[in-house]
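Contents: one structure, followed by commentary.
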Amino acid sequence: MKPPRPDPLARARLLTSPSLGPAVVRELERITGRPAGPAYTGEPDGPFLYVGDTLPDDLRTAQLLWFHSVNAGTDALLASGPWPAGALLTRTVGRMGERIAQYTLAWVLAECQSVPEHAAQHSRSKWRRLPSELAAGRTAVVHGTGRIGSAVAGLLRACSVRTVGVGRSHRTAPAEFDRVVLAGSPEEATALADARWVVSTLPLTGATERFFDDARFAAMRGATFVNVGRGATVDMAALETALHNGSVRRAVLDVLPDEPAAPGDTVWRLPRTVITSHSAGITADEDVVTDFAACWEAVTEGRTPALAVDARRGY
């Protein structure tokens, strides 16, 4: 996506979502050098840029120059209606990769030290020694080799975990990975069979919906599956089957296809599974300000921001 042209950008109004706090709005005003306008119920009468979590239907017009999402994921935004032609879309990543990497490592080490089992014993006032294992020398397969996947792989590799990335195209392996294999290749199947942990950081696109299916779960031989990407990239029936037959040892799911899960949802009854509340990589206010400022600098210099999203591809 190309950045907005200088003349329309200079005249553009700054509009912000009601969900943004006053401190964030003040920073956006400082960065852009213009006041933030009130929420609109109709189409603005001139060019504008918008910062928020969702884009109202009234603002999906040819007057939109640029939308900056306060979230990292843009699948729901793009699925809710046609994207205005020529409008730049950027997103907020901030320190999300670092947060998600720490979340993943925490569960890896907790499993190695039998933390869930110790907690269960404690609740029963039971004393029994439990085995532990070293993470070092084990293999983690990380699906997604972008910012977040690389951050996850880098932290795991710091603990001497072998890291194999899975991507959709041939590319030089980022430094955080020992190697990268192609999705759908025989090398991916081999990596899944060798994996102690399989981590998904995948975005949701047409190509990744139900990406983790019966075949991929069957290729695993007792791996623990951790999903910190998008819930709909997983065929939940296939995961349930894999948990029951043992090809998946355990599951840690920060995301689900339908959120939040109702108390009676069957996901709560999946064996050896922990569900967290989409909290692995919560975006902070400072992330929004920092990433918007970086995008603004790029746009005003005529460059496409590094955080730009291809609306056709969904990431």
Side-chain angles (χ1 to χ4, degrees), residues 96-121 128-168 170-202 211-212 215-229 233-234 239 242-254 271-274 276 280-281:
M96 179 174 294
E98 183 180 350
R99 291 187 176 96
I100 289 178
Q102 290 188 10
Y103 171 98
T104 303
L105 179 62
W107 285 104
V108 164
L109 296 181
E111 186 174 43
C112 287
Q113 296 301 318
S114 298
V115 170
E117 291 79 7
H118 279 296
Q121 283 194 172
R128 181 171 66 89
R129 281 188 173 179
L130 296 171
S132 63
E133 65 176 297
L134 292 175
R138 302 286 187 169
T139 297
V141 175
V142 181
H143 285 75
T145 57
R147 289 170 177 256
I148 294 175
S150 294
V152 169
L155 195 55
L156 292 176
R157 202 175 182 195
C159 295
S160 299
V161 175
R162 289 191 296 269
T163 55
V164 179
V166 179
R168 291 186 57 206
H170 292 288
R171 56 177 293 190
T172 301
E176 295 84 359
F177 292 93
D178 290 296
R179 63 190 179 101
V180 172
V181 300
L182 198 62
S185 67
E187 289 77 15
E188 182 197 4
T190 299
L192 290 174
D194 293 338
R196 176 63 180 82
W197 298 279
V198 175
V199 183
S200 175
T201 69
L202 294 177
F211 180 89
F212 289 94
R216 280 191 168 86
F217 286 128
M220 302 176 196
R221 297 177 182 173
T224 291
F225 178 67
V226 181
N227 190 6
V228 289
T233 62
V234 177
L239 174 59
L243 285 162
H244 282 293
N245 68 28
S247 60
V248 172
R249 176 185 312 204
R250 191 188 302 268
V252 179
L253 307 176
D254 187 52
R272 305 181 308 285
T273 296
V274 174
T276 57

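Quick note: numbers below take in every heavy atom, side chains included, and nothing from hydrogens, waters or symmetry partners. The model shown is predicted, which means the values in this text are computed figures rather than measured ones.
When all heavy atoms are compared, the tightest approach of Met96 to Gly281 is CE-O, 3.0 Å. Contact record, Val180 with Pro174: CG2-CD, 3.9 Å, taken as the closest heavy-atom pair. Between Ala195 and Ala223, the shortest heavy-atom contact is O-CB, 3.5 Å. In plain terms, the two heavy atoms of Ala110 and Pro116 that are nearest each other are O-CD, 3.6 Å. Across Ala280 and Val228, no two heavy atoms sit closer than the pair CB-CG1, 4.3 Å.
Arg138 has its side chain out of reach of Cys112: every pair of non-hydrogen atoms, C-beta onward, lies at least 4.5 Å apart. Side-chain atoms of Val198 and Phe212, non-hydrogen and from C-beta on, do get closer than 4.5 Å to each other. In this structure, the side chains of Trp107 and Asp254 stay at 4.5 Å or more apart for every pair of heavy atoms. Between Leu182 and Glu187, the closest side-chain pair of non-hydrogen atoms is not below 4.5 Å.
Side-chain atoms of Arg216 come within 3.5 Å of backbone N or O of Phe211 as a donor-acceptor pair. Under a 3.5 Å cut-off, the side chain of Ser200 and the backbone N or O of His143 do not form any donor-acceptor pair. Thr163 contributes a side-chain N or O that, together with a main-chain N or O of Glu176, makes up a donor-acceptor pair within less than 3.5 Å. For Ser114 (side chain) and Pro131 (main-chain N/O), a donor-acceptor pair under 3.5 Å exists by modelled atom type. A donor-acceptor pair is defined here as one N or O able to donate and one able to accept, closer than 3.5 Å; no such pair exists between the side chain of Arg168 and the backbone of Ala183. Between the side chain of Ser150 and the main chain of Ile148, no donor-acceptor pair closer than 3.5 Å is present.
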Determine, step by step, whether Phe217 and Leu243 satisfy the side-chain contact (heavy atoms from CB on, under 4.5 Å) criterion, reporting the C-alpha distance in whole Å, the side-chain angles of both residues, the deciding distance to 0.1 Å, and the verdict. CA-CA 9 Å; Phe217 286 128; Leu243 285 162; over 6 Å; no
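A salt bridge links Glu133 with Arg196: the distance from a Lys NZ or Arg NE/NH1/NH2 to an Asp or Glu carboxylate oxygen falls below 4.0 Å.
For Arg162 and Thr139, the side-chain atoms include at least one donor-acceptor pair closer than 3.5 Å. Side-chain contact check for Gln113 and His118: no donor-acceptor pair (N or O, by modelled atom type) lies under 3.5 Å.
Summarising the local packing, CZ of Arg272 is surrounded by more than 12 heavy atoms from other residues, nucleotides or ligands at distances under 6.0 Å.
The ring-ring contact (aromatic ring centres under 6.0 Å, His included) contacts involving residues 174-198 comprise nothing, where partners must be two or more places apart or lie in separate chains.
To the nearest 0.5 Å, the span separating CG on Leu105 from CD1 on Ile100 amounts to 13.5 Å. Here the straight-line distance linking atom CZ of Arg221 with atom CG of Asp194 works out to 7.5 Å at 0.5 Å rounding. Rounding to the nearest 0.5 Å gives a distance of 13.0 Å between CG of Leu155 and CZ of Arg157. The line from CG of Leu253 to OG1 of Thr273 is 6.0 Å long, rounded to the nearest 0.5 Å. A distance of 11.5 Å separates OG in Ser132 from CG in Leu109, rounded to the nearest 0.5 Å.
Considering only residues two or more places apart in sequence or on other chains, Arg128 meets the side chain to side chain contact (heavy atoms under 4.5 Å, CB included) condition with Gln121, Lys126, Leu130.
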